[in-house]
Amino acid sequence: MKISQILGITIVAGILFELPSCGRTNSSASDMLFEQTDSIAWTVLGGDDIIPFANDMLVTDSSIYVLGLANGKWLHIYNQEGKLSTSKLSQGKSSEEAVNAIDMNIESDTLLSVYDHDISAVKILNTDTWEIDNSINLHNSLPVVWQASTIGKDLVLVNHPSIKGEEDMVRGFSIVDAKSDKVISTYDSIPDVFKDNPMMLMAQENLSVAPDGVHFVSVTGLGGTIETFEVKDGNIHPLYSSVVFPLDFVDVNGMKQIVPDPILGFFSVCAADDYWLASYAGTKNDKDLTKIGIWDWKGKPIRGIKTDKLIMKLAISPDGRQLYGLLMEDDGSFSFGTINLDK
């Protein structure tokens with residue numbers, strides 16, 4: 001199985017769903033995004049027998065949280081050495097369980113939000129008791145939700161489909177008031193850079209919200225688009241948009257479909273208050289998913305990093321200085337690794 005299949009990239013009817021040593025390297029085409037590109041080996045923390053395929057990953061001062069189904073549980077908490085401490089949030093349909101948990105976000109020191117895609121609900125977990133404090137039903141606000149993340153007190157950022165013109169379905173972003181279930185703002189405009197090919201915005205693969213809730217970023221995994229936004233007074237304002245890696249389409253029986261061998265763009269993305277970063281390939285070879293790019297919120301490339309392992313998920317430490325990776329080893333097993341971003 002190809003790595004891109006493991007990462008959950010599927011095309012249906014043409015619609016995209018879903019000891020460090022440093023040294024300067026010679027730039028390939030994808031590396032020319034950055035004036036500075038360094039080679040850094042991951043410091044491997046080790047792994048555990050139970051590390052699932054991850055839908056999401058977060059890091060706190062003391063723990064690594066991985067969201068993925070293993071042994072009937074969705075949420076797995078590891079210590080800083082990568083060893084499993086406990087697993088929580090059972091799979092199921094009751095109010096205390098999750099059917100298909102795909103996103104999570106830290107609400108506060110004691111609250112963690114998890115988006116249950118199949119029932120379109122954000123569940124707020126108390127990390128002291130591991131009980132669900134609240135459940136926000138997004139069906140009352142929007143008929144279809146792709147992704148959802150809390151973005152400040154009582155607000156939820158939702159990534160959803162939006163119809164443009166007669167047939168173009170693109171991504172839309174809305175902010176929902178969790179108390180009233182009302183949509184208080186929506187952004188579904190098509191920036192000029194996408195005007196000739198709005199189908200690149202059929203579905204954004206990855207979304208990440210900065211800890212302060214002021215910014216968020218959305219990127220795609222087939223081809224490679226970037227969109228960054230600022231949230232002010234509950235309204236979404238675009239900051240930057242770019243097509244970094246083009247996505248080609250072919251006509252099949254009158255229907256536009258993505259080419260069978262697209263360029264692989266951005267996969268795992270995570271945001272800090274002052275910057276954001278993403279793993280990417282920039283080629284058609286899924287074995288190149290070892291690279292990391294760092295940008296500021298206005299789209300300025302800061303730094304490129306070439307690593308030595310396939311990257312499944314990324315997370316930034318609370319102080320923004322340490323990068324954590326969920327990595328795939330040569331034998332297909334998973335491990336945790338770190339990179340010091342100060343070096």
Side-chain angles (χ1 to χ4, degrees), residues 20-42 171 191-194 196-197 200-201 204-212 214-231 237-247 262-317 319-325 337-343:
S21 58
C22 300
R24 195 60 49 84
T25 66
N26 293 325
S27 295
S28 67
S30 61
D31 297 321
M32 292 178 69
L33 296 170
F34 304 94
E35 291 184 4
Q36 177 185 349
T37 298
D38 300 315
S39 289
I40 305 180
W42 289 97
R171 57 84 194 102
D192 289 342
V193 70
F194 303 118
D196 292 336
N197 196 359
M200 290 195 74
L201 299 179
Q204 295 287 6
E205 272 296 307
N206 288 292
L207 181 73
S208 184
V209 178
D212 62 10
V214 175
H215 297 98
F216 70 92
V217 56
S218 186
V219 297
T220 52
L222 298 185
T225 67
I226 294 172
E227 291 187 282
T228 64
F229 301 88
E230 183 178 34
V231 178
H237 303 275
L239 289 177
Y240 176 78
S241 57
S242 176
V243 178
V244 181
F245 306 116
L247 181 61
I263 293 175
L264 302 177
F266 305 106
F267 284 84
S268 183
V269 60
C270 53
D273 289 340
D274 298 324
Y275 66 90
W276 63 273
L277 53 80
S279 62
Y280 70 96
T283 71
K284 297 180 180 181
N285 187 349
D286 51 23
K287 293 183 179 180
D288 288 335
L289 288 167
T290 58
K291 291 172 278 191
I292 299 166
I294 306 175
W295 291 261
D296 70 14
W297 286 106
K298 293 185 178 180
K300 179 182 177 181
I302 298 173
R303 181 186 184 189
I305 299 174
K306 275 189 173 182
T307 78
D308 59 338
K309 294 183 183 294
L310 286 169
I311 301 166
M312 307 301 289
K313 286 294 175 182
L314 294 173
I316 303 170
S317 63
D319 63 8
R321 301 174 66 181
Q322 196 82 356
L323 179 63
Y324 286 74
T338 64
I339 286 176
N340 187 339
L341 292 175
D342 287 341
K343 293 187 177 182

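Just so you know, these numbers come straight off a predicted model, no measurement behind them.
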First locate atom [atom1] of [X], then atom [atom2] of [Y], and finally report the distance between them rounded to the nearest 0.5 Å.
X	Y	atom1	atom2	value
K300	E35	NZ	CD	8.0 Å
T290	D286	OG1	CG	11.0 Å
L222	F266	CG	CZ	12.5 Å

Tell me the closest heavy-atom pair linking [X] and [Y], and the distance in Å.
X	Y	answer
I339	A41	CG1-O, 4.5 Å
G293	F34	CA-CZ, 3.4 Å
S242	Y240	CB-OH, 3.2 Å

Heavy-atom side-chain proximity of [X] to [Y] below 4.5 angstrom:
X	Y	answer
E230	V214	yes
I226	W295	yes
V243	M200	yes
F194	L201	yes
V244	L33	yes

Results of side chain to side chain donor-acceptor pair (under 3.5 Å) for [X] - residues two or more places apart only:
X	value
T307	W42
D288	T283
D319	S317

Going by side-chain contact (heavy atoms from CB on, under 4.5 Å), name the residues that satisfy it together with [X], two or more places apart in sequence or in a different chain.
X	answer
I263	F245, P246, K284
D342	R321, N340
S279	F267, S268, I311, L314

So, does K306 use its side chain to make a donor-acceptor pair with the main chain of K291 at under 3.5 Å?
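Not a single qualifying donor-acceptor pair exists.
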Before we go on, tell me: are the rings of F216 and W297 under 6.0 Å apart, centre to centre?
no
Go through it in stages, so that I can follow the logic: the residues are L341 and I305, the test is side chain to side chain contact (heavy atoms under 4.5 Å, CB included), and I'd like the CA-CA distance, side-chain angles, deciding distance and then a yes or no.
CA-CA 10 Å; L341 292 175; I305 299 174; 4.2 Å; yes
Quick test of your reading of the model: are D38 and R303 salt-bridged, counting only N-O distances below 4.0 Å?
yes
Can you list everything that forms a ring pair (Phe, Tyr, Trp, His ring centres under 6.0 Å) with Y324? Sequence neighbours excluded, please.
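Scan of Y324 (ring pair (Phe, Tyr, Trp, His ring centres under 6.0 Å), adjacent residues dropped) gives none.
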So which of I294, I292, T338 actually passes side-chain contact (heavy atoms from CB on, under 4.5 Å) with L323?
I292
Anything under 3.5 Å between a donor and an acceptor, one on a side chain of residues 269-277, the other on a protein residue two or more places apart or in another chain? List them.
from, atom 1, to, atom 2, distance (Å)
D273, OD1, D212, N, 2.9
Y275, OH, G320, O, 2.7
W276, NE1, D296, O, 3.4

